[in-house]
> 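One structure coming up, written as structure tokens, with questions to follow.
If you read the sequence from its start, that first residue is 1, and numbering goes on from there.
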Amino acid sequence: MRVACVCSSLLGFATLQRSVHTAQHAWSPRCVLQTRQTKNRTLGRQTIVSTAFTAFHPQLVFNTVTLAVMPIYGLMIAFPKTQLTKSVVSSPRFYTVGSLLYLAALAVWGSDGLLGSVWEACKQCLADQQVTAFAALFQCPKVTALTWTHLLLLDLCVARHVYLDGLRKQVVTLHSIVLCFMFGPTGLLSHMFTSKAAQGRQDSKLSSA
């Protein structure tokens, strides 16, 4: 019995020593500093994530992209032959920045489960042979802003091609660029017909001469 009590006392004393040592270590300056650094790193990550989600608010992305493309369309339509318009439209800088914005928004929102929702909706559309599941995605502001950015950048690339090709062929592009802005691919189709008609008139003039 005594042996058992002594052993129990020794075990309790050893446990108490370990507890005291652990407590001393926990409150040592080095441990406190490490704890503070860990908390600071955690808070830093949370701040970065919060800032990213704030910067890429769907309404902000929607407004930014919409307002950014307007001046370029305005230059191509109103001042197609000025050096400013030629340099702005020919430069790849705006299209690079727009693509990076799209990629950043896709990365931030995709990490929030957006890509998974889109994938599931696509699978359901293929399985049900209906677009209702995919159409429901556009009730999400992130999907709407991302799709809007996608369409605006693609339409602007088409308008850029029409504008530069019109300069090279000396063909009027005003109506085609307006169609590019409003209805995307119809602007390219319009430019093809316009170029063909202009080439036909030029050929007839050469033949009559």
> Please report the closest heavy-atom contact between M76 and Y163, naming both atoms and the distance.
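Minimum heavy-atom contact is SD-CB, 3.6 Å.
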> Taking side chain to side chain donor-acceptor pair (under 3.5 Å) as the definition, give me every residue that meets it alongside R168, ordered by chain and number, with sequence neighbours left out.
D165
> Of all the heavy-atom pairs spanning V171 and A198, show the shortest one and how long it is.
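That closest heavy-atom pairing would be CG2-CB, 4.1 Å.
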> Donor-acceptor pairs under 3.5 angstrom involving side-chain atoms of residues 115-126: please list them, not counting sequence neighbours.
unit_1 : atom_1 : unit_2 : atom_2 : d
S117   : OG     : G113   : O      : 3.2
E120   : OE2    : K123   : NZ     : 3.4

> So F183 and L189, side-chain contact (heavy atoms from CB on, under 4.5 Å) or not? Walk me through it.
CA-CA 11 Å; F183 306 109; L189 189 63; over 6 Å; no
> May I ask you to test the F181-I77 pair for a side-chain heavy-atom distance under 4.5 Å?
no
> Are the side chains of Y102 and V61 in touch, meaning some heavy atoms are under 4.5 Å apart?
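Not touching, per the 4.5 Å side-chain cut-off.
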> Which atom pair, heavy atoms only, marks the closest approach of V162 to T173?
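Minimum heavy-atom separation between V162 and T173: O-CG2, 3.5 Å.
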> Return the minimal non-hydrogen interatomic distance between A104 and F56, and the atom names on each side.
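So the two residues come closest at CB-CZ, 3.3 Å.
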> Just to verify, what does S176 make a side chain to side chain donor-acceptor pair (under 3.5 Å) with, not counting sequence neighbours?
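Listed in chain order: S190.
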> Do you know the tightest heavy-atom contact between F94 and L156?
CE2-CD2, 3.2 Å
> Answer whether the closest heavy-atom distance between the side chains of K196 and Q199 falls below 4.5 Å.
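Counting from C-beta outward, K196 and Q199 never come under 4.5 Å.
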> Specify the closest pair of heavy atoms between Y73 and A159, including all atoms of both residues, with the distance to one decimal.
CE2-CB, 3.7 Å
> Could you tell me whether the side chain of S87 and the main chain of L84 form a donor-acceptor pair under 3.5 Å?
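Yes: the side chain of S87 pairs with the backbone of L84.
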> Which is it for L154 and V158 under the side-chain contact (heavy atoms from CB on, under 4.5 Å) test, yes or no, and what are the steps along the way?
CA-CA 6 Å; L154 283 180; V158 174; 5.7 Å; no
